[in-house]
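Since the model is a prediction, treat every value here as computed from it, not as a measurement. Every chain is numbered from 1, with letters handed out A, B, ... down the list of sequences.
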Amino acid sequence: MIKIKLSISDKDVKNITLKYKDMTIDEIITELKIDKDQIGSVLVNGIPKNFSDKVEDKSEVFFLPILSGG
Amino acid sequence: MMKKIIRINLRTKKITYEDATLEYLKTGGRGLIAKIMLNEVNPLCDPLGRENKLIISNGLLTGTNVSSANRIAIGAKSPLTGGIKESNGGGITAMWLASLGIKALIIEDIPEEDEWYYIRINKEKCSLEPAGQYKGMGTFEFCEKMIEKYPDCAVTCIGQAGERLYNIAGIASMDKEKKPNRYSGRGGLGAVMGSKKLKGIVVEERGTVEIKDREKYNKTLKEYSSIVLNAPTSVSYRTLGTSATVRTTNDLTGLPVRNFKGEKFEYAEEISGESLYKLIKERGGEGKTSHACMPGCIIQCSNVVPDKEGKTIVSPLEYETIGLMGSNLGIKDFDTIARMNALCNDFGIDTIETGAAMGMAMEAGIAKFGDNEGALKLLDEIKNDTELGKLLSKGTAIAGKTLGVERIPVVNGQAMPAYDPRAIKAMGVTFATSPMGADHTYGPMIKTDDPLGASKDAQILMAKIDSIGVCMFLRGAIANHMDLLVDLINAVHGWNLDMDWLEKTALETIRNEHKFNELAGFNKEDYRMPKVFTNTKIESTDQVFDISQDELDELRLWHDKDKVIYQ
């Protein structure tokens with residue numbers, strides 16, 4: 001099972017669970033029909049990852065909103 | 001409660017302690033600076049002359065343990081834009097000042113004699129102390145000297161660049177590790193401080209801030225802190241820092257690359273937030289992916305970048321610096337960018353203006369894009385005050401025009417932060433309508449289908465945030481909970497302010513700033529996106545900055561219902 005936390009276009013966090021299979025973050029985005037343009041960054045178990053990275057079973061994937069500099 | 005305004009005259013050496021009026025008390029940070037500027041400073045004055053004033057202003061919650069509320073706001077008439085300027089930064093100086101009951105410092109005039117000073121403030125008094133022996137020091141050495149004299153101090157100061165009146169000079173404040181890494185960088189405010197022969201402001205010790213309604217304060221603070229801590233934007237800032245933005249802007253072809261050429265950076269992944277996180281973790285040592293620049297901050301967007309031996313190169317390394325001194329110069333390695341950032345912090349210059357000015361030199365063929373050593377050599381030219389260095393020290397606009405560069409990324413004399421306005425149009429709208437030149441902090445917005453509306457909303461939100469005097473990185477967490485900040489202000493001060501007060505304060509701040517610029521001689525033709533960004537497409541996306549001048553003028557003056565400004 002993969003736990004998904006989604007917070008991109010609104011301020012609330014949506015929690016979704018996904019049955020585990022061999023997938024990259026990009027494939028999760030496609031499967032859940034997430035608007036990739038609204039994603040600022042992705043953490044897997046708290047660690048920043050790239051979209052092409054694979055996700056292991058029992059992971060938590062947190063999709064975060066776009067920030068602006070500083 | 002913060003009540004005192006200290007007025008320090010560098011010519012007469014007179015120091016006066018004034019009780020702030022209720023009107024001044026009920027505005028903080030940028031809002032108070034705008035009021036004082038409009039009330040006291042001749043808009044037509046020479047920014048580096050006797051009539052200009054340097055204003056240090058605290059926020060309404062500064063000195064408390066409210067997260068992200070200890071920003072120092074610094075303002076004056078800008079030598080770079082010729083208009084009003086406020087630039088705020090983190091660190092500890094504001095907290096120290098507020099804890100001694102000080103609301104603001106108004107620093108006036110210029111010494112008649114060729115002597116340098118620093119302002120010393122403790123619980124008993126404020127005094128001017130001789131600083132001749134510190135002239136020529138970088139910010140780090142000056143802060144070390146002050147710590148030797150005053151071990152518990154907080155310091156805000158300039159480096160050699162401010163002493164030399166460089167247009168690119170900023171003002172540094174100590175972070176909580178007592179290093180002068182937190183910058184009020186923009187607008188050449190360091191030169192204004194240097195023009196007054198003022199090396200620094202040293203707050204010798206801390207006091208405490210009285211909370212009028214402790215019960216209400218504690219209850220509201222608990223709710224506020226929970227929202228700020230858990231907000232997804234805070235999670236992102238805390239993990240990746242502002243460098244999280246690199247990938248987004250590059251995907252949009254909005255990261256500045258080789259002097260805003262309008263292309264994606266082929267090495268963006270190497271300078272991304274994700275890569276910076278990995279580098280810091282792998283190198284370990286003194287490196288930190290997350291770091292608070294001021295006590296009590298729970299967002300902790302700052303970081304510490306270590307070298308291969310684990311020793312600190314710079315803290316923090318942020319998105320704007322990665323954009324302007326990295327991709328904008330074709331540079332793809334963090335070590336070089338971090339080293340340049342550290343040099344800028346010590347010498348006392350703004351990484352945005354300096355990076356954009358270096359882009360002018362590279363565009364003109366003086367150095368090559370992507371040449372690490374060439375970029376470092378350009379910084380040496382500035383530091384060594386060579387002819388080329390003098391030119392770059394005047395800022396991007398003057399350097400670009402003098403060198404014959406066509407694509408000069410400035411509005412109102414100030415360099416654009418790391419957003420190509422053709423791709424990130426809402427930021428372009430902000431650049432072209434801000435009274436402070438191209439300044440992302442005036443109304444930041446990256447992704448939107450409505451650039452004009454989004455920029456306007458962001459400008460209003462930032463006027464609220466800045467007039468309370470809290471950090472802009474709260475806005476993702478707190479935009480829908482601004483009432484909590486108002487409640488905290490009421491609890492601290494024993495007031496009964498409401499959301500209408502906040503709306504009015506924000507509106508007044510924006511109006512005051514535009515009014516100052518109008519009186520300084522600005523007209524609508526000053527607020528223009530450079531033609532090269534309206535006429536030259538980003539090849540891969542066919543985008544130009546296509547917001548009409550009429551639309552920009554209308555947005556800039558939305559607050560001026562009586563049509564009294566710029567007519």
Proximity breakdown for B/Ala418 and chain A, heavy-atom pairs closer than 4.5 Å: neither
Residues, nucleotides or ligands: over 12 heavy atoms within 6.0 Å of B/Asp449 CG: no
Closest contact, heavy atoms only, B/Glu274 versus A/Ser41: OE2-CB, 3.8 Å
Any residue meeting ring pair (Phe, Tyr, Trp, His ring centres under 6.0 Å) with A/Phe63, in chain and number order, not counting sequence neighbours: none
Test log, rule side-chain contact (heavy atoms from CB on, under 4.5 Å), inputs A/Asn50 and B/Glu269: CA-CA 9 Å; A/Asn50 293 317; B/Glu269 197 167 319; 3.6 Å; yes
Contacting region of A/Lys5 [heavy-atom separation from chain B under 4.5 Å]: neither
Distance, nearest 0.5 Å, that separates CZ of A/Phe62 from OG1 of B/Thr239: 9.0 Å
Neighbour count above 12 (heavy atom, 6.0 Å) for A/Glu56 CD: no
Residue part contacting chain B, namely of A/Leu43, when any heavy atom lies under 4.5 Å: side chain
Where B/Arg247 and A/Val42 come nearest, the two heavy atoms and their spacing: NH2-N, 4.4 Å
Criterion side-chain contact (heavy atoms from CB on, under 4.5 Å) on A/Leu67 and B/Phe473, from CA distance to verdict: CA-CA 9 Å; A/Leu67 304 180; B/Phe473 297 145; over 6 Å; no
Distance-minimising heavy-atom pair for B/Tyr277 and A/Gly46: OH-O, 4.1 Å
Region of B/Thr248 in contact with chain A, defined by heavy-atom distances below 4.5 Å: side chain
For chain A, the option from B/Thr249, B/Leu252, B/Leu240, B/Ile424 that forms the most heavy-atom pairs under 4.5 Å: B/Leu240
